[in-house]
Visitor: 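Here's a structure for you.
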Amino acid sequence: RERERQRARVVRERGLTVALSPLSISEMLPTQRDVVLVAGGALFGVAASLACMAIKRRWRSASAPAPGLTDDNFVQAGTDMLYWLRDYRIKCAKGGYFPVRSQVSPGYLEALVPAEAPVDGEPWQDIVADVDRVIVPGLTHWQSNDFYAYFKPHSSYPSVLGELLSAGLNVMGFSWISSPACTELETRVCDWVGRLLGLPDAFLASSGGLGGGVIQGSAGESVIVAILAARTKALYLNPDAVATDLVLYSSDQAHSIVENACMILGIDREQRYRQIPTRKADNFTLDPELLEQTIEVDRELGLIPFFVCATVGTTSTGACDPLEPIGQVCAEHQAWLHVDAAWGGAFAICPEHRHIIAGIHGVDSICTNAHKQLLTNFDCCLFWVRDRTFLLEALSLTPEYLRNAASDAATVIDYKDWQIPLGRRFRSLKLWFVLRSYGQSGLRQYLRNGVDRANQFAARVQDSPNFRLFVPPAMSLVCFQLVDSKRGATEVLNKALLDRVNATGHLFLIHSKAKGEMFLRLACGGTEDVADLDNAWAIIEQQGRTILAAADTF
């Protein structure tokens, strides 16, 4: 017992550095036991805390590895990436650094990227280095001043930063309450652009009516939404009808998104979609009289015309359908008139081009892609409706978990009811940045520059004995052909020209066909200068001369 007392005294003096057995503790004096038990409990608590921390560290290591970027290095990594983007775009603008169209073969990436994701995270610098090694060789450089294919877009720096902010905020703006700023800014910028285009007040949310705008992902999504609204309206107006009684119409130059919408919505393309023939003499625009005749035939068959898609700026030739008389036909037959102005609509910002949407007052819906001609990166398609009633009737669905007081009171806009998906990004930020950075005057200058460059190129075509315009220039689009003095503008010759021009790596063009006739398209953006067009023409003319010199071999 004396030995135990001595040990207890040592324990007190040394801060419990000596282990004690339960037996010796039970034999201590009450005051000694209290000291030992209290101090021992404290030590146990510290040990338990340390053990828990170790377990947490192990758990985090196993289930959530340290991210490649943290609060400490995110800003530096982001700065480095912005520098990379700036340098890349400078190279694209100057030309000569990359072949405009990627030169890789299908499947090139398989040898460069492992078949499985890495087990452990890789250093950020290694990931970024692979952008140059793996990604850049497989890029077709849409930002290049030598890119004239499709409809040339240009994403400005304000737009890029707006996209960055949207990604960082990571807002899911499906309803007003999910992020009021996301909804209300979108409503406002749609009104801004609507006013720039000269849309009637009925299409603006601020008018206090039933119209308004929304940002969709693409013109393809817009036409699907428009067809759904039109179908809902048609079945409401014709309560005895069924969906298979309904017929929709467009010109044969309308974008394939209309036919694709039929496929998605289960509309019989062969029996319920009429593609009205166009003529070169009319610049391939939709003939209102022929539309009226086609509708009358369908009515005699007991069918119901419910949807017409007119186009402002067709993809092939830039044709602009006459909206005024088409709207009159649609009004007579209670058909919904949608305008696909994905490319051409933006030019209406310039007063001298406002005529392309003359008759807009008779339209039910219209869309235009800010990611084509308004310096905003993909995706950003503005879609307006005159009356949202049937749009909401077609798409509104609010499960219990999405209900809230603001939505139930119908005092706010919930954009989930204006689109196909539920979730939606904060797209309006980038457009807001662009509109504020460039202003109305800056956007008009950009658009006019593209038109000027197209006219300059068209003049070169007209001055050459070896080339001819297929149709008059349309805004910033030029359609042209290589012509042989003996055989004319054959498809063989123009196919050879296209292949040879693109093979140089210094230009990228595409072709199209109208009424079976092939031609080449050169679509300007708004960033090119005269030297860029001189370079493009020099390549095209040289390759054309080479082909004509060997025309007998084709």
Visitor: With a cut-off of 3.5 Å and sequence neighbours excluded, list every side-chain donor-acceptor pair involving residues 111-127.
Guide:
none

Visitor: With a 4.0 Å cut-off, would you call Asp87 and Lys91 a salt bridge?
Guide: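 No salt bridge links Asp87 with Lys91.
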Visitor: What's the spacing between Tyr438 OH and Ser156 OG if we round to 0.5 Å?
Guide: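 Separation between the atoms: 4.0 Å.
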Visitor: Which atoms form the tightest heavy-atom contact between Lys430 and Ser159, and what is the distance?
Guide: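 Of all heavy-atom pairs spanning Lys430 and Ser159, the closest is CB-O, 3.5 Å.
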Visitor: Between CD1 of Ile366 and CG of Leu199, what distance do you get to the nearest 0.5 Å?
Guide: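 Between atom CD1 of Ile366 and atom CG of Leu199 there are 5.5 Å.
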Visitor: Output all residues satisfying ring-ring contact (aromatic ring centres under 6.0 Å, His included) with Phe378, sequence neighbours left out; order by chain, then residue number.
Guide: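 Per chain and number, Phe378 pairs via ring-ring contact (aromatic ring centres under 6.0 Å, His included) with His371.
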Visitor: Tell me whether Phe74 at atom CZ has more than 12 heavy atoms from other residues, nucleotides or ligands lying less than 6.0 Å away.
Guide: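 No.
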Visitor: Pick out which of Leu498, Asn466, Leu520, Leu509 makes a side chain to side chain contact (heavy atoms under 4.5 Å, CB included) with Ile540.
Guide: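 Exactly one pass, corresponding to Leu509.
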Visitor: If the plane angle is over 60° it's perpendicular, under 30° parallel, otherwise tilted; pick one for Phe467 and Phe480.
Guide: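 Geometry flag for Phe480 against Phe467: tilted rings.
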Visitor: List the atom of Glu491, the atom of Met518, and the distance in Å for their closest heavy-atom pair.
Guide: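 So the two residues come closest at CG-SD, 3.5 Å.
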Visitor: Would you say that Trp192 contacts Leu431 through its side chain, given a criterion of any heavy-atom pair below 4.5 Å between the two side chains?
Guide: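 Trp192 vs Leu431: side chains apart.
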Visitor: So which heavy atom on Ile547 is nearest to which on Leu482, and how close?
Guide: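 So the two residues come closest at CG2-CD2, 4.0 Å.
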Visitor: Mind running side-chain contact (heavy atoms from CB on, under 4.5 Å) on Leu533 and Trp537 for me, showing each step along the way?
Guide: CA-CA 6 Å; Leu533 267 295; Trp537 176 246; over 6 Å; no
Visitor: Within a strict 4.5 Å, meaning less than it, do heavy atoms of the Tyr150 and Trp343 side chains meet?
Guide: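 Result no, sub-4.5 Å side-chain heavy-atom pair not found.
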Visitor: Is there side-chain contact between Leu435 and Leu443, with at least one heavy-atom pair below 4.5 Å?
Guide: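 In contact.
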Visitor: Indicate yes or no for a side-chain donor-acceptor contact from Asp130 to the backbone of Arg133 under 3.5 Å, with no hydrogens or angles considered.
Guide: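 Pair absent, no side-chain N/O of Asp130 close to backbone of Arg133.
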Visitor: Flag yes if more than 12 heavy atoms outside Glu110 fall under 6.0 Å of its CD atom; otherwise flag no.
Guide: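 Not more than 12 within 6.0 Å, no.
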Visitor: Could you check Asn535 against Ile539 for side-chain contact (heavy atoms from CB on, under 4.5 Å), going step by step and ending with a plain yes or no?
Guide: CA-CA 6 Å; Asn535 175 66; Ile539 293 172; 3.9 Å; yes
Visitor: Are Gln373 and Met475 packed together at the side-chain level, in the sense that at least one heavy-atom pair is separated by less than 4.5 angstrom?
Guide: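 Sidechains of Met475 and Gln373: no contact.
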Visitor: Salt bridge or not for Glu541 and Arg460, using N-O below 4.0 Å?
Guide: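 Between Arg460 and Glu541 there is no salt bridge, as every charged N stays at least 4.0 Å from the carboxylate O atoms.
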Visitor: Looking at CD1 of Ile177 and CZ of Arg403, how far apart are the two atoms once the value is rounded to the nearest 0.5 Å?
Guide: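 The distance works out to 12.5 Å.
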Visitor: Considering non-hydrogen atoms only, spot the tightest contact between Leu477 and Ser316 and give its length.
Guide: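 Result for this residue pair: CD2-O, 4.0 Å.
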Visitor: Side chains of Gln76 and Asp80: any donor to acceptor distance under 3.5 Å?
Guide: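 Checked: Asp80/Gln76 side chains pair up, N/O donor to acceptor below 3.5 Å.
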Visitor: Is there a side-chain contact between Ile413 and Arg388 (heavy atoms, below 4.5 Å)?
Guide: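 Ile413 reaches Arg388 side chain to side chain.
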Visitor: Is it the case that the side chain of Ser102 and the backbone of Pro137 share a donor-acceptor pair, with hydrogens and angles ignored and the cut-off at 3.5 Å?
Guide: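 It does hold such a pair.
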Visitor: Is Glu163 salt-bridged to Arg425, cutoff N-O under 4.0 Å?
Guide: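 Result for this pair is yes, salt bridge flagged.
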Visitor: Side-chain atoms of residues 211-229: list all donor-acceptor pairs with protein atoms under 3.5 Å, sequence neighbours left out, distances to 0.1 Å.
Guide:
{"from": "Gln216", "atom 1": "NE2", "to": "Trp418", "atom 2": "O", "distance (Å)": "2.8"}
{"from": "Ser218", "atom 1": "OG", "to": "Gly220", "atom 2": "N", "distance (Å)": "3.3"}
{"from": "Ser218", "atom 1": "OG", "to": "Glu221", "atom 2": "N", "distance (Å)": "3.2"}
{"from": "Glu221", "atom 1": "OE1", "to": "Gly217", "atom 2": "N", "distance (Å)": "3.2"}
{"from": "Ser222", "atom 1": "OG", "to": "Ser218", "atom 2": "O", "distance (Å)": "3.2"}

Visitor: Taking the side chain as C-beta and beyond, is there a heavy-atom pair between Tyr273 and Met263 under 4.5 Å?
Guide: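 No, every pair of side-chain atoms sits at 4.5 Å or beyond.
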Visitor: Step through the shown structure and confirm whether more than 12 heavy atoms of other residues, nucleotides or ligands are within 6.0 Å of CD on Gln103.
Guide: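 Yes, because the 6.0 Å sphere around CD of Gln103 holds more than 12 heavy atoms from other groups.
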Visitor: Is a side-chain donor or acceptor of Asn73 paired with a backbone partner of Thr70 at a separation under 3.5 angstrom?
Guide: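 It does hold such a pair.
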Visitor: Checking Val171 against Ser166 for the side-chain contact (heavy atoms from CB on, under 4.5 Å) test, could you report, in this order, the C-alpha distance in whole Å, the side-chain angles of both residues, the deciding distance, and whether it holds?
Guide: CA-CA 7 Å; Val171 164; Ser166 175; over 6 Å; no
Visitor: Within the distance-only criterion (no hydrogens, no angle test), does the side chain of Thr504 pair as donor or acceptor with the backbone N or O of Arg500 below 3.5 angstrom?
Guide: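 Here the side-chain-to-backbone pair does not exist.
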Visitor: Check for a donor-acceptor pair, side chain of Ser250 on one end and backbone N or O of Cys309 on the other, with a separation under 3.5 Å.
Guide: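 Not at all, since once roles are kept as given, no pair shorter than 3.5 Å links the two residues.
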Visitor: Evaluate the side-chain contact (heavy atoms from CB on, under 4.5 Å) criterion for residues Thr311 and His255: first the C-alpha distance (whole Å), next the side-chain angles of each, then the deciding distance (0.1 Å), finally the verdict.
Guide: CA-CA 8 Å; Thr311 307; His255 198 281; over 6 Å; no
Visitor: Not counting sequence neighbours, which residues clear salt bridge (Lys or Arg N to Asp or Glu O under 4.0 Å) with Asp252? List them please.
Guide: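 So Asp252 forms a salt bridge (Lys or Arg N to Asp or Glu O under 4.0 Å) with Lys515.
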Visitor: Closer than 3.5 angstrom, by distance alone: can the side chain of Thr368 be matched with the main-chain N or O of Ala341 as a donor-acceptor pair?
Guide: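 Side chain of Thr368 to backbone of Ala341: a pair is present.
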Visitor: Under the ring-ring contact (aromatic ring centres under 6.0 Å, His included) rule, collect the residues that match up with Phe470, sequence neighbours excluded.
Guide: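 Partners of Phe470 under the ring-ring contact (aromatic ring centres under 6.0 Å, His included) test: Phe284, Phe519.
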Visitor: Measure the CZ-CD1 distance between Arg101 and Ile510 for me, rounded to the nearest 0.5 Å.
Guide: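 If we round to the nearest 0.5 Å, Arg101:CZ and Ile510:CD1 are 11.5 Å apart.
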Visitor: Lys416: which residues meet the salt bridge (Lys or Arg N to Asp or Glu O under 4.0 Å) condition with it, sequence neighbours left out?
Guide: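 Lys416 satisfies salt bridge (Lys or Arg N to Asp or Glu O under 4.0 Å) with no residue once adjacent residues are dropped.
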Visitor: Distance only, no hydrogens: is a donor on one side chain within 3.5 Å (strictly under) of an acceptor on the other, for Ser155 and Arg89?
Guide: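 Yes, side-chain donor-acceptor contact under 3.5 Å.
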Visitor: Please work out whether the ring planes of Phe147 and Phe508 are parallel, tilted or perpendicular, with thresholds of 30° and 60°.
Guide: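 The arrangement is perpendicular - the two ring planes meet at more than 60°.
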Visitor: Would you indicate whether the side-chain heavy atoms of Ile349 and Gln440 approach each other to under 4.5 Å?
Guide: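 Of all side-chain heavy-atom pairs linking Ile349 with Gln440, none is under 4.5 Å.
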Visitor: Output yes when a side-chain donor or acceptor of Asn404 lies under 3.5 Å from a complementary backbone atom of Leu402, and no otherwise.
Guide: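 Such a contact is found between Asn404 side chain and Leu402 backbone.
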Visitor: Looking only at atom types and distance, does a side-chain atom of Ser206 sit under 3.5 Å from a main-chain N or O of Leu204, one as donor and one as acceptor?
Guide: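 No; zero donor-acceptor contacts below 3.5 Å.
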Visitor: How long is the straight-line distance from CG of Leu429 back to CG of Leu161, given to the nearest 0.5 Å?
Guide: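 Rounded to the nearest 0.5 Å, the CG-CG separation comes out at 11.5 Å.
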Visitor: Under 6.0 Å from the six-membered ring centre of Tyr148 and within 45° of its axis: does the NZ or CZ of Arg453 meet both?
Guide: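 Negative - Arg453 is either too far from the ring of Tyr148 or too far off its axis.
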Visitor: Please work out which of the three classes, parallel, tilted or perpendicular, describes the rings of His353 and Phe347, given edges at 30° and 60°.
Guide: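 Perpendicular, since the angle between the ring planes exceeds 60°.
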Visitor: If you compare all heavy atoms of Cys524 against all heavy atoms of Ala454, which two are closest, and at what distance to 0.1 Å?
Guide: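 Looks like SG-N, 3.7 Å.
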Visitor: How long is the straight-line distance from CG of Asp191 back to CH2 of Trp384, given to the nearest 0.5 Å?
Guide: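 One gets 9.5 Å once the value is rounded to the nearest 0.5 Å.
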Visitor: Testing the basics here: between Thr527 and Asn449, what is the closest heavy-atom pair and its distance to 0.1 Å?
Guide: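 Taking every non-hydrogen atom into account, N-ND2, 4.0 Å.
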Visitor: Please check if the number of heavy atoms outside Arg354 that lie under 6.0 Å from its CZ is greater than 12.
Guide: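 Check passes, neighbour count above 12.
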Visitor: What I'd like to find out is whether the side chain of Leu197 reaches to under 4.5 Å of the side chain of Phe203, using heavy atoms alone.
Guide: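 SC-SC contact between Leu197 and Phe203 ruled out.
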Visitor: Can you see whether Tyr97 engages Ser144 through a side-chain donor-acceptor pair at a distance of less than 3.5 angstrom?
Guide: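 Side-chain D/A pair, Tyr97 to Ser144: absent.
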Visitor: Do the side chain of Glu186 and the main chain of Val189 share a donor and acceptor less than 3.5 angstrom apart?
Guide: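 No.
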